[in-house]
Structures are given as structure tokens and as C-alpha cells.
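Below: the structure, in C-alpha cells.
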Amino acid sequence: MTKGSPVSPSLMANKAPTAADAVKTKDVAASVSSVVDGLSPVIGPNNIVPPTEMTGSQAVVRSLEELGVDDVFGLPGGAILPTYDPLMDSAKINHVLVRHEQGAGHAAQGYAMVTGRAGVCIATSGPGATNLVTAIADAHMDSVPMVAITGQVSSAVIGSDAFQEADIVGITMPVTKHSYLVTKAQDIPRVLAEAFHIATTGRPGPVLVDITKDAQQSMMSFSWPPKIDIPGYRTVVRGHSKQVREAAKLIAAAERPVFYVGGGVIKAHASQELRELAELVGAPVVTTLMARGVFPDSHPQHVGMPGMHGSVSAVTALQQADLLITLGARFDDRVTGVLSTFAPGAKVIHADIDPAEISKNRTADVPIVGSVKEIIPELADACRERFAAEGTPDLSAWWAALDRLRETYPLGFSEPDDGLVAPQQVIQRIGELTGPDAVYVAGVGQHQMWSAQFIKYERPHAWLNSGGLGTMGYSVPAAMGAKVGNPDRVVWAIDGDGCFQMTNQELATCRLNNIPIKVAVINNSSLGMVRQWQTLFYDGRYSNTDLNTGHDTVRVPDFVKMADAYDCVGLRCERVEDIDATIQQALAINDRPVVIDFVVSPNAMVWPMVPSGVSNDLIQIARDMTPVWEEED
């Protein structure tokens, strides 16, 4: 581990990079790169720094500067303290002092999601490092480029159960692309350059760099750029031309094709390329929870979000398709339902940067390994050639069926039976009054699904959420990081009253660092999604889901008073007629964070819904109500 040799299966590869690949990698990583001695590219401007004597901790800061890092999120402690001293002198790096290390990790994620650059978080050893684990695992599940730098006890006492010692490399190895332990100061520049390269190339993900205290304190000779070579780590960027032609052949022959688009298209910054291909083919497009906004909701070919809480039109389009054009998606269980019943009549084209995803869950008839940034234009060219020779496919019958579904089963909601505010209406109005240029960051649960359903997303990087891991507490710190990365955009954290209580201490960070996010607490006084499942599947036995924060409760805590304690603006909205005015009041305040306590009905549920463990064909549009399907001719 001390030499930084790749150990994770995700680092295995099967093709050496070409010079063209190295150039194209910079687009995928959305950063400036160059090739050093024909080896792996080093992110950043690649300034030439002659050998200079400095400490390892100074080398950490200088390396981050040379890598082009502008912002980091962290919390100091004993084992990382040597690095915090020179960090204070850096004129290039803005450090945001968080109140909990998990907040630093989620903030780095939010920053990465809106900028396309690697987010950076810093923590000390032991509990500081372990507090980062949830955010690291979250970034791993959602393919977010992130570099986590942690301090470690001195190398001489590693393994002795020294004060605040934890084997963070061992702990994080299953949830990182790679984890490094650095025990020599001289290795610091190379390891950090490698870490950023690994985090931002191929399938993005988190990389941990654990640096012992003596390595930080020792003297070393710093020079830049370092020479990096990572045996076994080679990312395939271009798709195989034969496979691309085979994919075009299937597209030309399909009668019911569907573009099944995942978060990988956002990570590859391939939104425009996707639109051109989709319009060329004329097929319907579904965007997963992680891909919301990569294809505009307003586009006539967009038929919705698939999955457990997807639209009827999107779920049914996949089920009835004869071809899935799968781009940067992974056939996860929340989309497929019971896998053996998913899209039973469809052939599969599967394009993904990660070869491990191809045929992992669903066998691909045409697998294409590479960056969708490169594959999609190649596929468009192949389709043009095929269409020119054979004619453009006639999909009018397919669209007639899908249009009937969209008209018959649009997304909507009913008024709660208790007379309280409908949470869907609150979220819908936040989106309508704020507009598509904002960034919307959700926690996990009912409010997450409603935010995905009822806000219209017209551009990529406008929607952030914890998709794979489902981390409560993600929203506020991720919104904080997003606001640092995109300071000129309005950033909403749409949170539940349960999620909000897990990381709301970062309001202090926001207030003191002039990060004026807006927090909408969808306060149904309960763990809403758990309560929904208890209603539907546990006979309404609400075991430990009441939080006592909402209507007719003791209101512990009172979110308005909490906001005031953090010197933020606290507002409360309990009536439908006050929703718009409250949102507009929040939008007018830009000198500090705003927290709105939207007191809503606890009885509202997320529909449509595919119950766990059943086929997507059994999608419900309301309790005990399924769509009425037309008989096939």
C-alpha cells in the first residue's frame, strides 16, 4: 500500500492508452491535463517547479495548488495539524471549516457534481477519518470524483493502537477507487497527482490519501509535475467501431426502442451529444434518478423517470421496449424491479466507461466499453449511415402508444385528507418560482422522490441527490459545496425533517463563510418514506417513525428558532395560500442562509410506486390502483 499500487478490481483495465485517449480524457474530467513523459496526465496547469526543499505538509498544500484546487472542505485535528499550518498561508486555496467531517465529504461531493472537478475534503486520523466514510461510500456508489486527505499517526506507531489510530485505508478500500497510505514525504506529490488522475478519469470516484504525521513533518525535495505511472490502470475511452456499427444495426431495425440514460452521461458531460443522437433516432428517452436534467424535461421525446417511483410512461416504455439503448446506466434494482421480469422482450445495447458494469445485471447483446462522450457521436454517425442506406425507422405506432400513456397517467397528486399542505405542491412551486438555472439538492426519502418528480430539470448538474447509498443528511452539506462551486446560482437544499437533523450543524459553516443556501424543510413530522412503507406493508403500525416536529406536536426542535440560533433567516409556512409568498421571500434574501419550515401532511405518499420484490408491470398509480392496459392487437 505504501507504494500506491492499484489494488481495487475497479482499477483493472484491458487497453493501453493512446495519445488521442489522453487528449480526450481532459474533456471527460472537465479539467486541464497534459501528458508527462508519455505516461498518465497530471491535472492542472502543469507549471514547472524546480526542486525546492520543504516539509511534507508544505508539499501537500503546494501539490493541491499545482493541481488547480481552489476550494477544500475540512476539519483539523492532531494528525493532520502539520498540514493545516502551511494551508493557512496559501493564497490560492479557500478552506471551508465544517462542523462535522461527514459534512466535509458531502460538501466535496456537491462541489464536484456542479463543477465536474474533483471535490477535496480533509480530516484528521481515527474518528475524523471514519466520519468521512459515509460520504466516501456515497461518492463511490454515485461515481463522484473526490479526493479525501486524512492524517495518520506516525509510521513508527502504526499498529500499536496509538491515540486516534484507525486503519482508514483498510476501512475504505471497498468503497474507493483506490486508497493510499503515504509514509514518506517524498511520495506526496506523486501520490496526490495519481489520486486526482484516478478520481477524475474512467468511471469517476473517490480516492483516499492517508498521510502519516512524520511524513508531513519530514523534509523533502519538491518538484512539479511529478512522473506518474499506475500499472494496471488504463481507461478505455473510444468505443469499438464494430460494436458501434452493430448497435446502429439494432437501432435501425427496432420498432420500440428506448434510450435508457443514466448518471454516467452527466459525468461524461455528454448532454448535447445525447440530444443530437436522440433527435436523430427519434426514440423516447427516460432519465434515471441520477440523470435528471441530462435530457430536458420539456423535450417532447422525454417520457419521464423510470424506477420504483418513476412515471407510468417511463416504466412502461422500458417494459414494452424491443431495444434498450443503455447509456451510462447500470440496471440497478430500483429501476429494474425484479430483474428477470425487466424489459422481457428487449435486446440491449449497453455503453459504459466501466467494463465491470457491462452484463453485470442484464446481459448486453451489444456491449460497448468507453466514454459515452466519445461513443454517442460515433453511434450517431453510424446511425446516419444506416438510415441513409435503409431509411429512418418509423416509430409512429410506438409514439402513439406512449403518448396515450402520458396523457392518461400524468404525474400528479391529490390533496391530503387531513387538510394540511401537500408537500408535492410546495416542491413544485419551489421549482416553478426559482427556475431551471438553480441547483436543487435533495436528502433521501419522500421529499427526494417528489423533488425528482415535480421540479422540471432542463440542464445537467442542476439536480443533486444521494442515489445509490441513500444517505440521510446529504442535502445541506452537499448544497453548501454546490454553492461554493457555483456561487452565482440559487442553491436549494430540499430536505426532510429527519434528514435535516442529521447535518444541520453545517448551517453554521454556511453562515460564517457567506454561503447563502436556501433550505426547504419538508416537515411531515416523521421519517416519511419509512412511514409510507409502514402504512402500505405493516398495517399502519408506525414503529419509531414519529419525530414530533410538525403540526400539533411539541415541535422539538423548532426549526425557525434553530435557524435564528445559527443567525440564519427562519421562516415557517403552514398554509397553502402562503407558499408562494414564503418562497419569494426566501429568494429575495441573499446575505445569509434561509431555512423554511414547511409544515406538511404526514399522510401524503409518493406515487407511482412499484412495490419491492415485484415486476415493474405491477406499478401502482395510487393505493391498490394499477393502470388499465390496452389489449394488444
Side-chain angles (χ1 to χ4, degrees), residues 247-248 250-266 268-307 310-329 335 343 345-351 372-373 375-384 386-387 391-411 431 436 452-463 608 616 619:
L250 287 183
I251 292 172
E255 296 179 353
R256 299 185 305 280
V258 177
F259 284 96
Y260 166 25
V261 180
V265 181
I266 286 183
H269 311 286
S271 177
Q272 185 58 41
E273 290 83 353
L274 169 67
R275 181 166 183 162
E276 292 175 4
L277 175 62
E279 290 177 346
L280 172 67
V281 175
V285 178
V286 303
T287 52
T288 67
L289 180 68
M290 299 307 299
R292 301 290 289 115
V294 74
F295 193 80
D297 281 2
S298 60
H299 196 287
Q301 287 175 240
H302 190 259
V303 296
M305 180 181 74
S311 66
V312 172
S313 54
V315 172
T316 307
L318 291 175
Q319 287 300 99
Q320 296 184 358
D322 64 359
L323 177 66
L324 301 183
I325 309 167
T326 309
L327 304 172
V335 169
K347 293 183 178 180
V348 174
I349 299 166
H350 193 177
V372 291
K373 181 79 170 179
I375 291 170
I376 294 175
E378 294 167 355
L379 184 56
D381 289 341
C383 286
R384 287 189 188 94
R386 178 69 63 169
F387 295 169
T392 303
D394 180 8
L395 305 180
S396 56
W398 180 220
W399 272 114
L402 294 177
D403 286 341
R404 284 195 296 272
L405 286 173
R406 287 198 286 193
E407 182 179 348
T408 306
Y409 303 107
L411 280 173
Q453 291 175 333
F454 291 102
I455 294 176
K456 301 302 180 184
Y457 298 99
E458 299 296 318
R459 64 177 189 87
H461 313 292
W463 162 247
N616 284 352
I619 186 172

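Since the structure is predicted, the reported quantities are computational estimates derived from the model, not experimental observations. These numbers come from the heavy atoms of this one structure, side chains and all, not from hydrogens, waters or symmetry mates.
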Results of side-chain hydrogen bond (donor to acceptor under 3.5 Å, both in side chains) for Q301 - residues two or more places apart only: none
Qualifying residues under side-chain hydrogen bond (donor to acceptor under 3.5 Å, both in side chains), relative to T326, sequence neighbours excluded: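 So T326 forms no side-chain hydrogen bond (donor to acceptor under 3.5 Å, both in side chains) with any residue.
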Quick one: does [X]'s side chain get under 4.5 Å of [Y]'s, heavy atoms only?
X    : Y    : answer
P284 : W399 : yes
L280 : R384 : yes
V294 : Y457 : no
H299 : V285 : no
V286 : F295 : no

Any donor-acceptor N/O pair, D297 side chain to V303 backbone, under 3.5 Å: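 A pair under 3.5 Å: no.
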Non-hydrogen atoms of [X] and [Y] that approach each other most closely:
X    : Y    : answer
G304 : S311 : CA-OG, 3.6 Å
A380 : L277 : CA-CD1, 3.7 Å
I266 : R292 : CD1-O, 3.9 Å
W463 : L289 : NE1-O, 2.8 Å
P377 : V372 : CD-O, 4.0 Å
E273 : H269 : OE1-O, 3.8 Å

Residue from L405, L318, T408 passing side chain to side chain contact (heavy atoms under 4.5 Å, CB included) with S313: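 Between S313 and the candidates, side chain to side chain contact (heavy atoms under 4.5 Å, CB included) is satisfied uniquely by L405.
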Separation between [atom1] of [X] and [atom2] of [Y], rounded to the nearest 0.5 Å:
X    : Y    : atom1 : atom2 : answer
I325 : H350 : CD1   : NE2   : 13.0 Å
I349 : L379 : CD1   : CG    : 6.5 Å
T287 : M305 : OG1   : CE    : 8.0 Å

Let me have the donor-acceptor pairs involving side chains of residues 250-265, under 3.5 Å, with sequence neighbours excluded, atom names and distances please.
residue : atom : partner : partner atom : Å
R256    : NE   : Q320    : O            : 2.7
Y260    : OH   : F331    : N            : 3.1

Residues in ring-ring contact (aromatic ring centres under 6.0 Å, His included) contact with H302, at least two apart in sequence or another chain: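 H302: no ring-ring contact (aromatic ring centres under 6.0 Å, His included) contacts found.
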Contacts of S298 that satisfy side-chain contact (heavy atoms from CB on, under 4.5 Å) - sequence neighbours left out: P296, E458
For P608, side-chain contact (heavy atoms from CB on, under 4.5 Å) partners two or more places apart: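 Per chain and number, P608 pairs via side-chain contact (heavy atoms from CB on, under 4.5 Å) with V312, L411, Q453, I619.
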